[in-house]
Amino acid sequence: MAKEILSSLLRDAFSSARAEGALSAEEVPPIVIEIPANEGFGDYSSNLAMLLAKPERKAPFIIAECLKKHLKDSEGVLREVRVEKPGFINFYLKPDFWASRLSEVLADPAAHGRSDWGKGQKVLLEFVSANPTGPLHVGHGRGAAVGDALGRILKASGFDVHQEYYVNDFGNQMNMLGKSTYLRYLESKGEQIEFPEDGYQGDYIREIAASESYREKVILSGEDDPEAELQRSVQASAAVIIDDIRGALEEFRVFFDEWFSESSLFENPDRVEEAIRALEGTSGIYEKDGAKWLNSSKYGDEKDRVVVREDGRPTYLASDIAYHHLKFQRGFDRCINIWGADHHGYLPRVRASLEMQGIDPARLDVLFVQFVSLRRGGEPVQMSTRSGQFEELSTVVREVGVDAARFFFLMRSVDSALEFDLDLAKEQTNENPVYYVQYAHARTCSLFRQAEEQGERLDPLTDVPAGGLSLPEEHALAKSILEWPQVVRLAAERLEPHRIPFELMAIAKDFHAYYNRHRILGQEPDVTRARLCLVRCIQAVLSNGLDLLGVSAPDRM
RNA sequence: GGGCCCGUAGCUCAGUUGGAUAGAGCGGCGGACUUCUAAUCCGCAGGUCGCAGGUUCGAAUCCUGCCGGGCCUGCCA
């Protein structure tokens, strides 16, 4: 808001200076307006003069003075403009400016931070997609939180988002799953079994095998056909696990528009076969040693990859190629995947397959989420899907709560490995940043409850009384409030959800400090009213921001 | 060997794509509850931004080379 105004004023100043011959550069460099870290350098600041120094062949300070001279405050927002040391142009805004801009926010507080920046682009957001061979662990939880929050952020930014879970219900691992369960069932019957080393070891396998419904579905009375039983075991085991995954995600407040089954790719129109044939047509696939290879090295991959094995069975990559082609065939403008960092090597080959099809590989973005390491006390906890010792997402969520778990996962850049200490999270429950932010929100609600009891008319809280906001803290808060849409926009543009919690913590901090230092209620009528307007805006940011994270915003705590 | 990510306060991490005096939370120390919720606030301590060069008005940020840590490097999925 403010930045747009100031940059357009600067642009005009440049043109005006150029028209008079005071400046000569061909074009204006991209104008950057920043909020200086130090309040002594004004409300906003620009380095335009420094950027012009080279093309103008003049000292930045001189250029800055020149721009200042040609600056016309057509909007009437400036209190003062100063040129500082190397050549910064610092803007000091009139107090009325904040009031007038906050009034715009008050017109529709729930919409503050929403935009149509995405222009309704159709985005396929695929995340979690954990193999249905065991319960979700905390690593998947991080992906789930990041994906879901990103979905909310993109929707708020005007994208048409479709959230999808890709279910890898095909291939060897499914057979191994069914076999593992079946063997555990036989074992429970007292039979001697030899459990394979690459079988699934977890207790959940025994639980499924011991369940009533497993026996009903798999072990039909009177029959004794191990082969058929094994087949049914695959289906039954996978169904139980997928239900379990879905349940854990719902408990974590993560929902999908679609659960896309990998095996469905092989049905009716065999999408995998289609995709392979299409690539063969573009000579993206060639035969060697009896197998079919993707010519991905030609497109930046380290080497070529097998797509169809010697024995004719397609590899996982074949499914993935077909799946991603289909994504674009389904009409999505853009695809975003959230993958574990251990999958980073797969991107070049998938992108290669897109490029071979004439699809711009830039339309596929992949967010690589670094690992979560779980600690209990000082001890690292082993996490392996097959060891049976992993920590399940649902266990952690029940221990620390959905809000805290989500906030924790989202607080860090996905590029950083995350250390999650369960004992610490439990001990610190009352000190957790999420409570800090939630408490700030509850406080704003409490203020309005009090205000109402004191007979303050809140219904048309739309216009900030002139002169009601004069404190520096209030200007700082107003600045943050007006900056909020930019934060959401940046989070969406750069796919960085962690910006949201950081901004919320900063605003909560400023609000708590303001609240402790100044009374809102019981002041001069215009002052109280203006402050309530400010608080309403803060409340909107906190509430909207928490909503983007999928974290609750309680009215009282 | 090659690829991706990371290295910033005691710990966990931000740092607005190159800006001005380096930031938060937790932990530590010391203060503030007859007053709108103390799940809060105020103050103090704590740093060769892994190391060394380079680029320029200016570098935690960009380039190069090292050092250290994590993860990949299947005709598994």
Side-chain angles (χ1 to χ4, degrees), chain A residues 32 34-38 40-41 45 47 50-51 53-54 59-61 84-88 90 129 131 133 168-174 176 198 262 289-293 301-303 305-311 313-317 319-320 340-348 368-371 373 408 411-421 424 427-436 438-440 442-443 445-451 453-454 483 486-487 490 494 498-499 501-503 505-506 508-509 511-522 528 531 535 556-557:
Chain A
V32 179
E34 288 187 309
I35 297 178
N38 188 327
F41 292 130
S45 170
N47 63 346
M50 271 103 99
L51 298 178
K54 191 165 269 181
F61 198 89
E84 297 284 352
K85 275 189 295 184
F88 287 104
N90 295 339
S129 300
N131 288 337
T133 54
N168 295 118
D169 53 358
F170 187 84
N172 294 335
Q173 58 175 4
M174 283 294 99
M176 184 51 78
D198 50 352
E262 179 186 1
D289 304 333
K292 291 184 177 178
W293 295 71
D301 198 6
E302 289 174 29
K303 53 182 178 182
R305 312 286 175 176
V306 171
V307 177
V308 180
R309 300 178 180 90
E310 248 180 302
D311 61 11
R313 286 156 49 237
T315 63
Y316 167 82
L317 178 59
S319 304
D320 236 13
D342 53 333
H343 285 70
H344 79 264
Y346 293 85
L347 182 55
F368 294 105
V369 182
Q370 295 295 317
F371 270 20
S373 61
F408 236 83
M411 258 176 58
R412 289 162 167 88
S413 148
V414 297
D415 289 335
S416 285
L418 169 58
E419 198 170 77
F420 202 119
D421 192 319
L424 208 65
E427 275 173 31
Q428 291 183 344
T429 284
N430 287 346
E431 302 291 337
N432 252 331
V434 61
Y435 292 94
Y436 186 82
Q438 287 179 319
Y439 185 52
R443 260 189 166 165
C445 297
S446 169
L447 276 169
F448 291 117
R449 282 194 296 271
Q450 289 286 330
E453 280 176 25
Q454 294 179 17
E483 199 53 25
Q486 269 303 309
V487 175
L490 269 181
R494 300 184 190 176
H498 75 276
R499 291 174 181 277
F502 272 92
E503 184 58 23
M505 287 190 287
K509 182 185 172 65
F511 171 63
H512 281 309
Y514 174 63
Y515 177 93
N516 270 274
R517 195 185 294 270
H518 305 287
R519 287 190 67 80
I520 283 97
L521 304 177
T528 284
R531 291 183 178 177
V535 172
R556 58 184 85 218
M557 291 174 77

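Lettering of chains follows the sequences in order, A, B, ..., and the numbering in each one begins at 1. As a basis for the values below, the full set of heavy atoms in this structure was taken, side chains included, without hydrogen atoms, waters or symmetry mates. Please read all numbers here as calculations on a predicted model, not as lab measurements.
Minimum atom distance to the side chain of H512(A) is reached by C41(B), of the listed C41(B), G25(B), C36(B). Picking from C71(B), G25(B), G70(B) the nucleotide with the shortest atom distance to the side chain of K509(A) gives G25(B). Checking A39(B), C71(B), C75(B) against every side-chain atom of R309(A), the shortest atom distance belongs to C75(B). Closest to the side chain of R517(A), from the set A39(B), C36(B), C42(B), is C42(B).
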- Item | Summary of protein contacts for nucleotides 10-23 of chain B, nucleotide by nucleotide, where a base hit scores B, a sugar-phosphate-only hit scores S (4.0 Å, heavy atoms) | --SSSSSB-BBB--
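Checking G290(A) against A341(A), the closest nucleotide of RNA chain B that is more toward the 5' end is the one next to A341(A). Nucleotides of RNA chain B nearest to Q450(A) and D169(A) differ in position, and the one nearer the 5' end is that of Q450(A).
The main-chain N or O of R519(A) is found under 3.5 Å from a side-chain atom of R531(A) such that the two form a donor-acceptor pair. With N90(A) contributing its side chain and S45(A) its backbone, the two residues share no donor-acceptor pair below 3.5 Å.
The P atoms of C49(B) and C62(B) are separated by 16 Å, rounded to the nearest whole Å. The P atoms of A59(B) and A22(B) are separated by 12 Å, rounded to the nearest whole Å.
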- Message: Using the rule given for side chain to side chain contact (heavy atoms under 4.5 Å, CB included), can you reason through F408(A) versus V434(A), listing the C-alpha separation, both sets of side-chain angles and the distance that settles it, and then say yes or no?
- Response: CA-CA 8 Å; F408(A) 236 83; V434(A) 61; over 6 Å; no
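The pair D311(A)-R309(A) does not count as a salt bridge, with every side-chain nitrogen at least 4.0 angstrom from each carboxylate oxygen.
Q173(A) and N168(A) are not linked by any side-chain donor-acceptor pair at a separation below 3.5 angstrom, with hydrogens and angles left out of the test.
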